[in-house]
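What follows is a single structure, written as structure tokens, with notes after it.
Keep in mind the model is a prediction, meaning the values are calculated, not measured. Numbers restart at 1 for each chain; the letters A, B, ... are given by sequence-line order, proteins then strands.
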Protein chains: 2
Amino acid sequence: MTDQRRMTLKDLAQELNVSTATISNAFNRPDQLSPALRERILKEAKRLGYSGPDAKARSLRTGRSRIIAVILAESLTYSLNDAVASEFLSGVAEVLDAHGHTLLLLPGRGHASQPPGSANIADGFIVYGLMPNNKLLDELPTQRTLVAVDFDIEGCPTVHIDDTAASYKIAQHALNELPKRPAIINLRLTKEVCNGRVTAEHTLLPNTSTISRARLEGFHSALSEQGVDVEQVPLWNIEENTFEVCSPVIAEILDQPIEKRPDLLLCMSDRIALTALTLAEQRGIRVPEELRITGFDGIAEGQYRAPRLTTVRQDSVGKGRVAAQMILGRVPLAQQLLQTELLLGDTCP
Amino acid sequence: MTDQRRMTLKDLAQELNVSTATISNAFNRPDQLSPALRERILKEAKRLGYSGPDAKARSLRTGRSRIIAVILAESLTYSLNDAVASEFLSGVAEVLDAHGHTLLLLPGRGHASQPPGSANIADGFIVYGLMPNNKLLDELPTQRTLVAVDFDIEGCPTVHIDDTAASYKIAQHALNELPKRPAIINLRLTKEVCNGRVTAEHTLLPNTSTISRARLEGFHSALSEQGVDVEQVPLWNIEENTFEVCSPVIAEILDQPIEKRPDLLLCMSDRIALTALTLAEQRGIRVPEELRITGFDGIAEGQYRAPRLTTVRQDSVGKGRVAAQMILGRVPLAQQLLQTELLLGDTCP
DNA sequence: TTGTAAGCGTTATCAC
DNA sequence: GTGATAACGCTTACAA
């Protein structure tokens with residue numbers, strides 16, 4: 001009572017002349033003691049300023065923290081400001097929250113000032129996106145559940161969409177009307193840093209199972225199917241999915257002489273597509289008459305505007321929900337494949 | 001070695017024939033043992049699959065977890081998908097990350113399925129936005145640092161902007177050209193749920209220190225200064241800062257007969273303003289010729305589009321940085337007031 | 001430079 | 001229904 005330090009369960013027990021076990025039970029197992037006693041304990045606890053068992057001690061003892069970590073391959077700054085990642089996180093958060101768990105955010109490519117350290121406090125890990133290196137993953141406590149989203153870890157349950165099929169679908173739609181000069185804008189496709197046209201100089205990233213490569217493949221099959229030689233289709237690359245990084249590349253594309261300027265832009269993301277749309281609007285290029293644009297993701301920003309973006313929607317929130325449910329063991333750990341849906345907007349009717 | 005359970009520091013010590021203290025030092029205090037021994041320990045640890053001290057035990061022992069919790073007044077789903085909150089979080093994350101801390105996300109208005117419980121694992125708390133009730137706050141361990149952002153907790157360090165001054169500034173700009181029919185769209189201003197026109201029937205929320213009230217006050221002073229009777233200025237209310245909730249109200253405003261339709265919309269947020277802009281575009285209402293619109297926040301989406309939104313920028317990322325620095329004790333715990341900046345876009349030149 | 005041992009605040013297993 | 005007591009895995013005086 002005259003203590004400076006936070007009151008502990010033991011203190012409270014002493015104060016109330018009951019054993020520590022009884023206090024613990026009052027908080028954790030209501031059926032283990034009489035309602036009256038429990039009532040009294042809870043009331044006294046509040047009065048004396050004891051706000052329940054300490055989480056650190058409890059987690060040490062029980063081995064569980066009710067904390068789930070999401071490891072974001074991209075930086076936290078990027079992820080939090082990216083609509084797709086945010087939706088994913090909100091799906092995760094929703095499920096965790098509903099089951100009394102909380103969300104710890106870990107950067108994959110961090111300042112690495114410290115080893116993860118505090119990370120292994122989590123009961124489980126959701127890894128979102130291909131990690132830049134496996135160092136962090138290696139350090140993850142084995143024996144703890146791990147779910148991989150949007151990429152594969154050998155032997156791990158995963159949540160995916162079929163990127164190739166989805167991008168094939170949208171490209172196929174766009175090719176209903178055959179373009180004169182189609183072009184593709186992709187994301188982080190080259191080994192070398194390249195913000196601009198991908199040429200013979202560049203080598204594509206080896207990993208063929210990246211989202212980037214998968215979507216490119218979808219675009220290419222649809223093009224081939226229409227008899228287009230994919231080698232002739234200009235391919236542009238962008239290093240980060242943000243307006244700032246995209247816009248100079250898009251400007252370069254749109255500012256070509258009109259006879260070289262594409263009339264169809266297959267974009268790997270809505271962010272790229274929206275940037276293209278904005279820049280086209282600024283230049284007075286009419287969409288879709290002079291330039292058709294397709295996106296990928298189906299983020300709100302593309303749908304709640306005029307003209308609406310033509311794109312393929314992936315259910316990022318759903319992805320998050322499924323991943324969280326897997327981690328919590330509420331659905332079987334498996335390889336989940338989520339559906340996508342064509343969104344026919346105005347930018348490529 | 002033949003153990004099923006995760007290897008512990010003690011196991012490792014036994015294996016290597018050194019004391020537990022030495023192992024601990026190898027990980028935490030390099031200067032406490034010879035480099036050679038440390039090298040050997042680290043190498044053996046890796047070989048035997050010991051990935052460093054357990055965070056749960058360590059945090060119990062040291063009393064610190066290197067985890068900072070951000071309590072979001074809104075739901076996690078909303079916050080993660082709101083540009084302003086996301087920017088704030090990324091500012092927080094950036095600073096935490098740089099100092100080897102991690103970010104735990106807690107919903108303020110949660111399903112409340114469980115008491116916070118695992119929350120008090122955090123070393124400090126950043127509370128973002130006015131909490132719906134004080135229950136959660138009361139349960140927060142006293143003696144732990146607490147920083148309030150965008151609202152006040154008595155005796156707490158805070159990070160703020162001057163909402164009244166900022167909204168006065170933008171309104172003053174807008175009133176350079178005197179509107180015939182100005183209107184204000186505000187957020188969660190009434191006690192009753194009200195998506196639509198605020199009438200005499202409604203009672204404003206009592207708390208005059210909310211962001212909503214503060215911004216309204218700024219609008220009103222600017223209007224009064226121009227001799228406009230603020231009682232005559234239509235005031236609309238919206239319950240949530242999302243396109244879905246905003247758009248019906250905005251539609252109602254814009255679909256009034258042209259002689260009643262406002263020619264200036266002072267919006268309490270960029271989200272509201274952008275919704276207004278989209279709906280105006282859909283209706284062929286010319287902005288700014290027939291309708292001028294101002295926002296508040298300065299989110300990217302409003303600036304990376306054509307026409308650009310006229311608004312006042314608050315540095316949400318900076319807010320997050322400052323809050324995080326305070327929590328980490330890198331800047332003095334105080335009442336910080338951040339600057340705002342007028343952003344003259346195209347929607348109200 | 002290294003080892004010993006006492007907790008950190010709980011929960012769980014027993015007896016009673 | 002209730003009360004001792006032994007872990008949980010680690011850090012850190014302090015002793016050697």
Name every donor-acceptor pair, under 3.5 Å, that has one atom in a side chain of residues 33-41 of chain A and the other anywhere in the protein, sequence neighbours excluded.
unit_1  : atom_1 : unit_2  : atom_2 : d
A:Ser34 : OG     : A:Leu37 : N      : 3.2
A:Arg38 : NH1    : A:Ala26 : O      : 2.3
A:Arg40 : NH2    : A:Leu16 : O      : 3.3

CG of A:Leu33 versus P of C:dT11: gap in Å, rounded?
13 Å
Please identify each residue that fulfils ring-ring contact (aromatic ring centres under 6.0 Å, His included) with B:Phe125, with sequence neighbours left out.
none
When we call it a touch if two heavy atoms are under 4.0 Å apart, what does A:Asp31 touch: a base, just sugar-phosphate, or nothing?
sugar-phosphate
Between D:dG3 atom C1' and A:Leu37 atom CG, what is the distance in whole Å?
12 Å
Charged N to carboxylate O under 4.0 angstrom, B:Asp150 versus B:Lys319?
yes
Test your reading of the model: is there a side-chain donor-acceptor pair from B:Asp11 to the backbone of B:Thr8, 3.5 Å cut-off?
yes
Could you run down the sub-3.5 Å N/O contacts of the protein with nucleotides 12-16 of chain D?
unit_1 : atom_1 : unit_2  : atom_2 : d
D:dT12 : OP2    : B:Arg29 : NH1    : 3.1

May I have the distance from B:Lys56 (atom NZ) to C:dT11 (atom C1'), rounded to whole angstrom?
15 Å
Identify which nucleotide among D:dC10, C:dT2, C:dT11 has an atom closest to any side-chain atom of A:Arg58, counting heavy atoms from C-beta outward.
C:dT11
Counterpart residues, side-chain hydrogen bond (donor to acceptor under 3.5 Å, both in side chains), relative to B:Ser90 (two or more places apart):
A:Asn81
Does B:Thr8 have a side-chain nitrogen or oxygen under 4.0 Å from the phosphate oxygens OP1 or OP2 of D:dG9?
no
Quantified as the angle between the terminal helix axes (five pairs each), what is the overall bend of the helix from C:dT1-D:dA16 to C:dC16-D:dG1 to 10 degrees?
30°
Just by modelled atom types, is the A:Asp123 backbone N or O under 3.5 Å from a matching donor or acceptor in the A:Arg64 side chain?
no
Nearest nucleotide by nearest heavy atom, which residue falls closer to the 5' end of DNA chain C, B:Gln32 or B:Ala57?
B:Gln32
Check the distance between D:dA7's C1' and B:Lys10's NZ and give it to me in whole angstrom.
9 Å
For the pair made of CG in A:Leu9 and P in D:dC8, what is the distance, rounded to whole Å?
19 Å
Please list all pairs meeting ring-ring contact (aromatic ring centres under 6.0 Å, His included) that have one or both residues in residues 44-84 of chain B, counting only residues at least two apart or in different chains.
B:Phe27-B:Tyr50
Should the pair B:Glu74-B:Arg188 be classified as a salt bridge under the 4.0 Å nitrogen-to-oxygen rule?
yes
Contact check, side chains of B:Thr210 and B:Leu205, non-hydrogen atoms, under 4.5 Å
no
For D:dG9 and B:Tyr50 - does any side-chain N or O of the residue sit under 4.0 Å from the phosphate oxygens OP1/OP2?
no
Starting at atom CZ of B:Phe27, determine the distance to atom C1' of D:dT11, rounded to an integer number of angstrom.
14 Å
A:Asn17 has an atom CG; how far is it from atom C1' of D:dA4, in whole Å?
15 Å
Rounded distance (Å) that lies between atom C1' of C:dT1 and atom CD1 of B:Ile23
14 Å
Touch check for B:Leu60, heavy atoms < 4.0 angstrom, all strands: base, sugar-phosphate only, or nothing?
base
